[in-house]
Amino acid sequence: MINISINIPEKPLLIGKVGKSYGVLGWINIFSFTEKKDAIFNYLPWFFFKEKKWKRVQIENWKKYKNHFIVNIKGISDRSITEKFTNSDIIISKNALPLLKKNDYYWHDIIKYKVFNTDQRYLGNVINLIRTKNNDILVVKNKSDVFKKNILIPFIENKIIKNVDTKNKFIFVQWN
């Protein structure tokens with residue numbers, strides 16, 4: 001019997017992607033979107049989401065493989081079953097994340113925050129974050145009538161990012 005039940009997570013959060021099957025014994029490649037790649041295994045249960053369908057899965061075993069991981073799903077030992085999961089999103093409930101201290105935040109929390117420069121000029125709303133090798137980048141939907149392109153602001157705390165106000169959902173930046 002395959003141990004997969006159909007459930008939908010509360011407050012879904014994308015944390016990875018399912019790749020193709022690995023071997024003939026039902027292992028599957030996964031790619032973690034978490035900051036520390038193996039932290040993906042701290043956030044359980046997982047839900048696979050593909051073609052508007054949810055599958056709750058339990059991980060029986062996992063291994064690091066090249067620059068990603070391979071996992072064995074509990075109750076599955078057949079490649080033909082895992083092939084159906086290829087290209088699924090790996091979703092968890094936000095409730096699975098550890099609680100943070102006051103004024104701490106997760107990246108997904110600051111999406112839609114309003115961004116102001118130190119002169120109190122409104123620049124726009126955060127629409128995305130881009131992770132780069134050197135520093136992360138805040139992507140801000142530009143509210144200026146003159147420039148319609150998004151504003152890319154390096155996320156360098158204290159130097160450029162002056163304050164992240166989690167109570168009022170504002171970010172203050174040293175930016176023109």
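Values reported hereafter were calculated over all heavy atoms of this structure, with side chains retained and with hydrogens, waters and symmetry mates removed. For clarity, every value in this text was computed on a predicted model and none was experimentally measured.
- Considering only residues two or more places apart in sequence or on other chains, Glu60 meets the salt bridge (Lys or Arg N to Asp or Glu O under 4.0 Å) condition with none of them.
- The side chain to side chain donor-acceptor pair (under 3.5 Å) pairs that include a residue from residues 34-43 are Ser32-Thr34, where partners are two or more places apart or lie in different chains.
- Linking ILVMFWY side-chain heavy atoms closer than 4.5 Å, directly or via other members, places Phe170 and Val126 in two distinct hydrophobic clusters.
- Nearest heavy-atom pair, Phe31 versus Gly19, reported as atom, atom and distance to 0.1 Å: CE1-CA, 3.9 Å.
- Counting heavy atoms from C-beta on, the side chains of Pro12 and Trp54 come closer than 4.5 Å.
- Under the ring pair (Phe, Tyr, Trp, His ring centres under 6.0 Å) criterion, Tyr113 pairs with no residue at all, not counting sequence neighbours.
- Side-chain atoms of Asn142 and Lys149, non-hydrogen and from C-beta on, never get closer than 4.5 Å to each other.
- Here the side chain of Ser21 pairs a donor or acceptor atom with the backbone of Glu83 at under 3.5 angstrom.
- Gln174 is linked by a side-chain hydrogen bond (donor to acceptor under 3.5 Å, both in side chains) to nothing, counting only residues two or more places apart in sequence or in another chain.
- Residue Arg56 comes nearest to Pro45 through the heavy atom pair NH2-CG, 3.4 Å, listed as atom of the first residue, atom of the second, then distance.
- Under the 4.5 Å side-chain criterion, counting only non-hydrogen atoms from C-beta, Phe85 is in contact with Ile73.
- Every pair passing salt bridge (Lys or Arg N to Asp or Glu O under 4.0 Å) that includes a residue from residues 88-113 is listed here, sequence neighbours excluded: Lys17-Asp89.
- Using modelled atom types and a 3.5 Å distance limit, the side chains of Asn134 and Thr132 yield no donor-acceptor pair.
- Distance check, rounded to the nearest 0.5 Å: CD1 of Ile28 to CD1 of Ile59 gives 9.5 Å.
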*asked:* Before you tell me yes or no, could you show the steps for Tyr106 and Leu13 under side-chain contact (heavy atoms from CB on, under 4.5 Å), namely the whole-Å CA-CA distance, both residues' side-chain angles and the distance that decides it to 0.1 Å?
replied: CA-CA 11 Å; Tyr106 288 108; Leu13 178 66; over 6 Å; no

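- One finds the OH atom of Tyr22 at 14.0 Å from the CD1 atom of Ile30 (value rounded to the nearest 0.5 Å).
- The 12-atom threshold is exceeded at NZ of Lys50, counting heavy atoms of other residues, nucleotides or ligands nearer than 6.0 Å.
- Thr82 contributes atom OG1, which lies 10.0 Å from atom CG of Leu25 (distance to the nearest 0.5 angstrom).
- In the hydrophobic cluster analysis, where Ile, Leu, Val, Met, Phe, Trp and Tyr join through side-chain heavy atoms closer than 4.5 angstrom, Val164 is grouped together with Leu129.
- Here NE2 of His108 is found 5.5 Å from CG of Leu97. Values are rounded to the nearest 0.5 Å.
- Side-chain contact between Asn117 and Asn176 is absent, with no heavy atoms from C-beta onward closer than 4.5 Å.
- Under the 4.5 Å side-chain heavy-atom criterion for Ile, Leu, Val, Met, Phe, Trp and Tyr, Leu123 and Phe116 are members of distinct hydrophobic clusters.
- The NZ atom of Lys114 sits 6.0 Å away from the CG atom of Asn125 when rounded to the nearest 0.5 Å.
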Side-chain polar contacts of residues 62-69 - donor-acceptor pairs under 3.5 angstrom, sequence neighbours left out - could you list them?
unit_1	atom_1	unit_2	atom_2	d
Lys64	NZ	Lys66	O	3.2
His68	ND1	Tyr65	O	3.3
His68	NE2	Asn29	OD1	2.6

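- Both Ile110 and Ile156 sit in one connected hydrophobic cluster of ILVMFWY residues. Membership requires side-chain heavy atoms under 4.5 Å apart, directly or through other members.
- Residues satisfying the side chain to side chain contact (heavy atoms under 4.5 Å, CB included) test with Asn61, not counting sequence neighbours, are Trp27, Asn72.
- When the side chain to side chain contact (heavy atoms under 4.5 Å, CB included) test is applied to Lys141, the partners found at least two apart in sequence or on another chain are Ile127, Asn150.
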*Dump the intermediate steps for ring pair (Phe, Tyr, Trp, His ring centres under 6.0 Å) on Trp107 and Phe33, then the final yes or no.*
CA-CA 12 Å; Trp107 283 128; Phe33 298 161; over 10 Å; no

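- Tested against Ile153 for a side-chain contact (heavy atoms from CB on, under 4.5 Å), the candidates Ile161, Ile171, Ile137, Val139 yield a single pass: Ile161.
- Residues Leu138 and Ile160 fail the side-chain proximity criterion, which asks for heavy atoms closer than 4.5 Å.
- Listed by chain and residue number, Phe41 satisfy the ring pair (Phe, Tyr, Trp, His ring centres under 6.0 Å) test with Trp46 (two or more places apart in sequence, or in another chain).
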*asked:* Pair Phe48, Ile90 - check side-chain contact (heavy atoms from CB on, under 4.5 Å), show working.
replied: CA-CA 5 Å; Phe48 287 170; Ile90 302 172; 3.9 Å; yes

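- Remark: Arg121 engages no residue in a salt bridge (Lys or Arg N to Asp or Glu O under 4.0 Å) (not counting sequence neighbours).
- Taking Ile, Leu, Val, Met, Phe, Trp and Tyr as members and joining any whose side-chain heavy atoms lie under 4.5 Å apart, directly or through other members, Leu99 forms no hydrophobic cluster with any other residue.
- Taking CD1 from Ile91 and NZ from Lys55, the interatomic distance works out to 14.5 Å, rounded to the nearest 0.5 Å.
- Among residues at least two apart or in separate chains, there is no salt bridge (Lys or Arg N to Asp or Glu O under 4.0 Å) pair with a member in residues 155-176.
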